[in-house]
Amino acid sequence: MTFVLEPFDAPNQTGGPGLDDALLAGLNPRQREAVEYRGPSLLIVAGAGSGKTSVLTRRIAGLLQSREAFPSQILAITFTNKAAAEMRERVGQLVGNQAEGMWISTFHSACVRILRREAENFGFTKSFTIYDSADSRALLKRIVKELNADTYGFTVSSASGKISKLKNELQDVESYARGANFSDPAEVMFLEIFRRYTQELSRANAFDFDDLIGQTVYLFRAFPRVAALYRRRFRHILVDEYQDTNHAQYALIHELTRPVASEIAEEVEGANGLTRSHRDQHGAIPGASLTVVGDSDQSIYAFRGADIRNIVEFERDFPNSRVILLEQNYRSTQNILDAANAVISNNFDRKDKKLFTDIGGGEKIVGFTGYSGHDEAQFIADEITKLHESGVDYKDIAVFYRTNAQTRALEEIFIRSALPYRVLGGTKFYERAEIKDAMAYLIAVANPADPLALRRIMNVPKRGIGPATETALQRYADAHEMSLREAVRHAGELGLGPKVTGEILEFGSILDDVMATVYPPEGQAPAKVSDILVALLTRTKFVDSLRASRDAQDEARAENVEELVAVTKEFQKNHPDGTLLDFLTEVSLVAAADDLDDSSGTVSLMTLHTAKGLEYEAVFLTGIEEDLLPHRMSAGEPGGPAEERRLFYVGITRARKRLFLSLAMTRAAYGNVNVAMPSRYLQEIPAELIDWRQSPGMANSRGGTEPRALNARREGSSWGSSLREAAALPPGKPREKTQWANMVTNVVRDNSALVLAAGDRVRHVDFGDGRVTAVTGEGAKRVAEVQFDTAGRKRLLVKIAPIEKVE
DNA sequence: ATCGTCGATTTTTTT
DNA sequence: AATCGACGAT
C-alpha cells in the first residue's frame with residue numbers, strides 16, 4: 001500500500017468535461033447528466049436497479065479521461081470490498097491501467113490505511129491490532145466481571161451496544177462524562193466501563209471497528225497539518241450507499257472535503273516538498289468535490305447508527321448541490337417493481353419515488369405457505385430444481401432470510417436434495433475457534449502490546465498454563481508496569497513450578513524468534529506471511545497436537561488451519577509485497593458479501609442485509625412472517641417497522657425475473673415450535689401480482705393443494721421408528737430426541753449400499769411411495785430422481801435419504 | 001490443570 | 001438447539 005503524492009496541477013481545469021461518446025453511450029438523459037455534471041457537490045438519488053454503479057464508474061472514468069484528475073486524486077468509498085473490486089475493474093475497462101492509483105475502498109479500509117500511516121501522531125504504532133466485535137466483547141466481558149457491573153444490570157452486549165452507539169456519535173469518555181448524571185449509580189458504572197475499555201484498547205495498541213472511523217476523524221481535527229495532506233490530495237470524493245452512513249462517517253467526509261487555508265497549505269507543501277496546489281482567490285486550496293449516491297428507501301442499517309438524515313439533509317449540509325433522480329429500473333420486471341412500489345409506499349415520511357421499467361410485466365410472483373420451516377425449505381428446493389432444469393444457472397439463484405438461524409432448515413433440505421449451495425456470512429471461516437487461535441499467534445508477533453491475543457494462545461496447544469498461572473503473570477506485569485508479553489519473558493522470577501516456567505519461557509522465545517523475522521533489522525526483508533504462520537505452527541506443534549487428538553472434530557480443525565496456511569500463500573501471491581499487517585488488516589475487514597464468487601455455480605444463501613447491492617435472476621424471500629419480518633426485536637424501536645419494510649423492499653428489488661415469497665405456519669426457535677402468522681407486509685402487495693401455490697388461507701383450511709409431507713410424518717409411519725430401523729437400534733428403546741435430530745444431516749443413516757435403478761419402487765418416510773426415474777452421480781454423491789405418487793418429483797441424495805426399496 | 005457433566009441462557013441485522 | 005459457565009472428579 002504505497003502512498004505516492006503526484007504533482008497536483010492537472011490540466012483542463014476549465015470548461016466542460018467534453019467526454020468521450022463511448023462513456024455516455026446507452027445512458028438515459030438523467031444518467032448522462034449524473035456522469036457529466038461538474039460542481040462542488042452532487043447527490044444522485046438512485047432507486048434500486050437504476051444503473052448507479054454504471055453511472056459512478058463512468059463518472060470516475062470521465063474525470064480521468066478528460067484529465068480533470070489524476071487517479072491518485074480520487075477517493076471512492078463503497079460498502080463492501082467486493083463492490084470496491086468491481087468498481088475498480090469496471091473503471092479499468094473504461095480507462096485501462098490508469099485505474100491503479102485510485103483509492104477505492106470501504107470506509108473502514110480507507111481509515112485503516114490512513115491510521116497505519118499516522119498512528120504515531122497520537123500514541124499508537126502502525127502495528128496496531130483491529131478488534132472485531134468478538135474481541136471487543138471478550139475485553140468487555142473481563143471488565144464487566146471485574147467491576148461486577150452486572151449488579152447494575154449491565155451485560156456485555158448492552159455495554160458494547162451503548163459504547164458503539166456513542167462512538168458512532170463521535171463521543172468519547174470525556175464528552176460523555178460532561179453530560180453524565182453522577183447521582184445515578186448505573187451511569188457512574190457505565191462511565192467506568194467505558195473508561196476502562198478505552199484505556200485497555202489504547203494500552204493494547206488496538207482499535208475497535210468504530211474507532212477506525214472515529215479516531216480518523218479525531219486525527220484530522222486534532223492535527224490540521226495531517227488533515228491538510230489528505231484534503232489536498234483527494235480532489236474528488238465519491239460515496240456509494242450514502243443512506244447507510246452514520247454520523248462518524250458523515251463527519252469524516254465533511255473533514256475530507258474542507259478547504260485548506262492558505263498558511264497551512266504553504267506550510268504543509270513546503271515541509272513535504274510537494275508541488276504547489278491550485279488555489280482560489282484567497283490562496284486556499286478549495287474543498288474536494290463530493291458525489292454521493294444513495295436511496296433512502298434502502299436504508300437498513302439504522303441499528304448500526306446509520307442516519308437517514310445524512311441523505312435527507314444533504315442539500316442543506318452542502319450548499320449549491322445538484323440533485324439528480326434516477327428512477328428508471330433496468331433490472332426487474334414490472335410485476336416485481338409494482339410489488340416493490342406498493343410495499344414501500346406504506347412508509348409515509350418519504351419522498352415519493354416510483355420505479356418503472358420497459359422490460360414488461362414478466363411472470364407473476366409465486367407465493368407458498370409451508371406447514372413448517374422444513375416444508376417451506378422443501379418447496380424452495382423443488383422450485384430451484386425446476387428452475388435449474390429450465391435453464392437457470394444455480395449461481396443466478398439466491399435465497400434470502402431475515403436471521404441467520406433460518407439457514408439450518410434450508411441447509412438440511414438442500415443437502416438432502418443434493419443442491420449445490422453456499423452460505424454467505426453466517427459463521428465465517430475466520431470465526432472458527434481454531435482459526436482465531438492461529439490468527440492470534442499472528443497478532444501476537446505483529447503487535448506485542450496486545451494482551452488479548454496472547455491470552456488466547458497462551459495455553460493453545462495445552463502447555464499447562466491455566467487461569468492461575470495467567471493471573472500470576474498479569475499480576476507481575478501490573479506490578480512492574482510492563483506488558484503481559486514482557487512478563488512472559490520474566491517468567492523465571494515468578495516462583496512458579498519448574499515445568500510451567502520452562503513452558504512459559506519456551507512459549508515466549510518462540511514468539512520472540514518469529515517476531516524477529518517479522519520486524520528484521522534495517523535493510524532486510526521481512527518474512528513472508530505464510531512462512532511466519534508455518535514457523536509458528538510447527539514450533540508450537542499446533543497442528544500436530546490437533547492431529548494427535550482423539551476427538552474426531554480436531555482432524556477437521558487441523559484441516560481448517562491448513563486451509564489458513566493456503567490462504568496466506570494465496571495472499572502472498574496476490575500481494576507480493578504484502579506484509580503481515582496487510583494480511584491481518586485484510587482479514588479483519590472482510591464483509592459477508594466479499595467471498596461471493598460469481599463463477600461458483602452454487603445457489604447463494606444470505607441474510608437480507610447481505611443481499612443489499614446484489615441482484616439475481618431468481619430470488620426466494622423466505623420466512624415472511626410476523627415476528628421474523630418485521631422481526632420481533634424491531635417492534636419496540638421507533639421507526640423499526642418502517643426499516644423492516646425497507647428490508648423487505650430491498651429483498652424484492654434484488655430479483656430480475658422471478659420472485660418467490662414463502663412462509664411457514666409453524667417455525668422452530670430455540671428448540672420449540674411456535675405458530676407463525678403471515679407478515680403484515682404480504683397484504684401490501686396487490687393480490688393480482690401473486691400466484692399462491694398454497695396461500696396462508698389454504699394452508700389453514702384442509703384444502704391444501706400440495707401433499708402434506710409433514711402430516712404424513714405424523715399420521716403414517718413415524719419418523720422415529722424408521723430411523724431406529726436405519727440405525728439398527730432395538731425397537732423397544734426409543735432414541736433421545738436430541739440424538740435423532742442430528743441424524744438427518746449426519747451420516748448415521750447410510751444408504752450407500754442401497755442399489756437403485758430407474759424403474760424401482762421406493763418408499764420415503766415423508767413423501768410416501770414413488771418410482772425412480774433416474775440415478776446419477778457416484779459414491780456418496782449418488783442422486784436419485786423419484787416421481788412420487790402424491791408428492792411430485794424430487795431429487796434425493798441416496799446416501800442420506802430416508803428411503804427403502806419396495807416390491 | 002484438565003476433563004466431563006449439568007444447567008442456565010439465548011431473542012436481529014454487520015463493518 | 002447450541003453455547004457458555006460453574007462445579008466436581010481425576
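Chain letters run A, B, ... following the sequence lines, proteins first and then strands; every chain starts at 1.
With sequence neighbours excluded, no residue forms a side-chain hydrogen bond (donor to acceptor under 3.5 Å, both in side chains) with T78(A). Residues passing the side-chain hydrogen bond (donor to acceptor under 3.5 Å, both in side chains) test with S158(A), sequence neighbours excluded: T155(A). The side-chain hydrogen bond (donor to acceptor under 3.5 Å, both in side chains) test applied to D554(A) returns S549(A), R557(A), not counting sequence neighbours. Residues passing the salt bridge (Lys or Arg N to Asp or Glu O under 4.0 Å) test with R646(A) are E643(A), sequence neighbours excluded. When the side-chain hydrogen bond (donor to acceptor under 3.5 Å, both in side chains) test is applied to N560(A), the partners found at least two apart in sequence or on another chain are E434(A). Considering only residues two or more places apart in sequence or on other chains, E241(A) meets the salt bridge (Lys or Arg N to Asp or Glu O under 4.0 Å) condition with K52(A), K612(A). By the salt bridge (Lys or Arg N to Asp or Glu O under 4.0 Å) test, E615(A) pairs with R331(A), R656(A), sequence neighbours left out.
Residue contacts shown for S588(A) are absent, as no nucleic acid heavy atom lies under 4.0 Å away. Across all strands, Y301(A) comes closer than 4.0 Å only to sugar-phosphate atoms, never to a base (heavy-atom distances). Across all strands, T80(A) comes closer than 4.0 Å to no nucleic acid atom at all (heavy-atom distances). Counting any heavy atom pair closer than 4.0 Å across all strands shown, A669(A) reaches no nucleic acid atom. Residue contacts for D132(A): at a heavy-atom cut-off of 4.0 Å it reaches no nucleic acid atom on any strand shown.
Residue E470(A) contributes atom CD, which lies 10 Å from atom P of dA1(B) at whole-angstrom precision.
The side chain of N459(A) places an N or O atom within less than 4.0 Å of a non-bridging phosphate oxygen (OP1 or OP2) of dT2(B).
A cation-pi contact links R116(A) to F128(A), judged by a cut-off of 6.0 Å to the six-membered ring centre and 45° from its axis.
Rounded to a whole angstrom, the distance from the C1' atom of dT11(B) to that of dA6(C) is 24 Å.
Between D135(A) and the options K436(A), R455(A), R142(A), a salt bridge (charged side-chain N to carboxylate O under 4.0 Å, His left out) holds for only K436(A).
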Which atom pairs link the protein and nucleotides 10-12 of chain B when you take only N or O atoms and keep those under 3.5 Å?
| unit_1 | atom_1 | unit_2 | atom_2 | d |
| --- | --- | --- | --- | --- |
| dT11(B) | O4' | Y670(A) | OH | 2.4 |
| dT12(B) | O4' | H631(A) | NE2 | 3.3 |
| dT12(B) | O2 | R402(A) | NH1 | 2.9 |
| dT12(B) | O2 | R402(A) | NH2 | 2.5 |

Quick test: give all pairs of protein nitrogen or oxygen and nucleotides 4-6 of chain B nitrogen or oxygen below 3.5 Å, distance rounded to 0.1 Å.
| unit_1 | atom_1 | unit_2 | atom_2 | d |
| --- | --- | --- | --- | --- |
| dG4(B) | OP1 | R550(A) | NH2 | 3.1 |

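In this structure, the nucleotide among dC3(B), dT15(B), dA1(C) sitting nearest to the side chain of R304(A) is dT15(B).
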